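Data first, discussion second: the structure below is written as structure tokens.
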Number of protein chains: 2
Amino acid sequence: MTASKQPKHLRKAMAKWAEQRGDLYAAACPSRGVLDHVTSRWGVLVLVALLEGTHRFSELRRKVAGVSEKMLAQTLHALEEDGFVVREVFPVIPPRVDYSLTPMGQEVASHIEALTDWIEDNLPRVFAARAQHVSRKSAPEGGKAGRAGRRESSA
Amino acid sequence: MTASKQPKHLRKAMAKWAEQRGDLYAAACPSRGVLDHVTSRWGVLVLVALLEGTHRFSELRRKVAGVSEKMLAQTLHALEEDGFVVREVFPVIPPRVDYSLTPMGQEVASHIEALTDWIEDNLPRVFAARAQHVSRKSAPEGGKAGRAGRRESSA
DNA sequence: TCAGTAGCTTACCTCAAGGTAGGTACTTAC
DNA sequence: GTAAGTACCTACCTTGAGGTAAGCTACTGA
């Protein structure tokens with residue numbers, strides 16, 4: 001979807017990215033699009049789920065609580081187009097479709113899992129930080145100088 | 001922002017997450033919010049940029065091409081509240097504000113960098129996969145059985 | 001005969017993400 | 001005298017992400 005309908009005058013500009021390393025700091029670099037797919041709200045969770053093995057559509061839908069059918073389908077299509085997941089359709093009734101990771105998908109997914117694991121493990125620390133943050137806003141700092149809320153330095 | 005204005009009847013339900021490990025598969029788990037901040041469009045890039053060292057606001061704005069002042073400020077606030085970045089204000093004219101990672105921020109950012117590095121390195125592979133994908137749609141598959149576009153299995 | 005099932009697609013609608021632009025306060029450079 | 005740099009905040013408006021619901025297929029079981 002994203003790849004195929006670039007206006008022609010952009011094709012040449014894009015061509016260089018197809019061969020070279022991407023640069024996420026560059027606004028026009030297509031790696032931004034890949035990053036968006038991979039770090040999208042549902043993309044992250046789908047990839048991590050698939051890391052545990054092949055899933056059917058309905059299994060994914062149940063596992064990733066809160067996704068709508070529409071968004072799950074959309075997410076899976078984007079990931080399939082980028083070559084991260086394979087879709088296998090069985091011509092049976094009722095329909096059955098299996099999704100699994102490609103080797104490339106496993107590489108990205110493993111990086112993502114490291115991140116999601118960290119977040120799940122350290123959630124209490126984040127909560128503690130948030131609590132500190134609100135208390136710092138209401139209490140105008142302990143004893144010394146410094147005015148309101150935010151930390152200030154005297155350079 | 002996110003943390004403080006939960007309705008009271010949710011406080012108790014949230015309290016358990018503050019102590020336990022998070023579960024990203026659960027729709028109501030606040031780890032979803034942390035994930036959103038961290039994997040947000042600009043959050044990712046800001047964290048990776050800060051991994052290279054302290055930056056001022058304007059430096060980040062220039063480095064992360066395409067971000068508006070508004071979104072950069074918003075992103076930084078969210079990351080500050082979650083305890084990933086520190087903000088240091090110097091009372092000078094013209095204003096000067098430095099942003100850097102907390103130890104916690106460095107932990108997440110390093111996981112994110114692994115992901116962004118992978119994407120930048122493997123962009124050509126993704127492009128190749130996309131090209132295969134479109135050609136598979138237009139060409140009704142090489143020699144054997146199978147009908148249109150998508151791969152089918154005879155199970 | 002009719003409901004139920006799996007995996008979608010489509011149309012419609014809402015809400016939030018995010019862009020644009022203007023204001024602020026002060027200084028330095030032209 | 002005025003333009004530009006610096007780090008924002010606020011109001012306004014557009015765009016798109018994403019939710020809801022209905023439809024579709026072709027079969028099975030009640």
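The sequence lines fix the lettering, A, B, ..., with proteins before strands; numbering per chain opens at 1. This is a predicted model, so every value here is computed, not measured.
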C/dA6 phosphate, OP1 or OP2: any side-chain N/O from A/Tyr99 under 4.0 angstrom? no
Checking the side chain of B/Arg32 only, and the main-chain atoms of B/Leu24 only, is there a donor and an acceptor separated by less than 3.5 Å? yes
May I ask you to decide if B/Tyr25's main-chain N or O and B/Asp23's side chain share a donor-acceptor pair within less than 3.5 Å? yes
Is the closest basic N to carboxylate O distance between A/Glu88 and A/Arg56 below 4.0 Å? no
Does A/Arg87 have a side-chain nitrogen or oxygen under 4.0 Å from the phosphate oxygens OP1 or OP2 of C/dC8? yes
Which whole-number value in Å describes the distance from B/Asp36 CG to C/dA17 P? 9 Å
Atom CD of B/Gln74 to atom C1' of D/dT10: distance rounded to whole Å? 12 Å
OP1 or OP2 of D/dG18 less than 4.0 angstrom from a side-chain nitrogen or oxygen of A/Ser68, does that happen here? no
Once you round it to whole Å, what is the distance between C1' of C/dG19 and CH2 of B/Trp42? 11 Å
Round to the nearest Å and state the distance from B/Leu72 atom CG to D/dC9 atom C1'. 14 Å
Please name the pair of heavy atoms, one in B/Leu123 and one in A/Gly22, separated by the smallest distance, quoted to 0.1 Å. CD2-CA, 3.7 Å
When you measure from the side chain of A/Lys70, which nucleotide among D/dT20, C/dG18, C/dG7 comes out closest? D/dT20
So which one's nearest nucleotide on DNA chain D is more toward 5', A/Pro94 or A/Val67? A/Val67
Between C/dT27 atom C1' and B/Phe90 atom CZ, what is the distance in whole Å? 18 Å
Rounded distance (Å) that lies between atom C1' of C/dG18 and atom CZ of B/Arg61: 13 Å
Whole angstroms only, please: what is the CG-P distance between A/Asp98 and C/dA6? 14 Å
Upstream residue (5' side of DNA chain C) when B/Arg41 and A/Leu76 are each assigned their closest nucleotide: A/Leu76
Polar side-chain atom of A/Thr102 near backbone of A/Gly83 as donor-acceptor pair, under 3.5 Å: yes
Using whole Å, what does the distance between atom P of nucleotide C/dA6 and atom CD of A/Glu59 come to? 11 Å
B/Glu69 has its side chain closest, among D/dC8, D/dA7, C/dC8, to D/dC8
Is any side-chain nitrogen or oxygen of A/Arg56 closer than 4.0 Å to OP1 or OP2 of C/dG7? yes
Can you tell me if A/Ser58 touches the phosphate of C/dG7, counting only side-chain N or O atoms and a distance under 4.0 Å to OP1 or OP2? yes
A/Met71 or A/Ile93: which one's nearest nucleotide on DNA chain D is closer to the 5' end? A/Met71
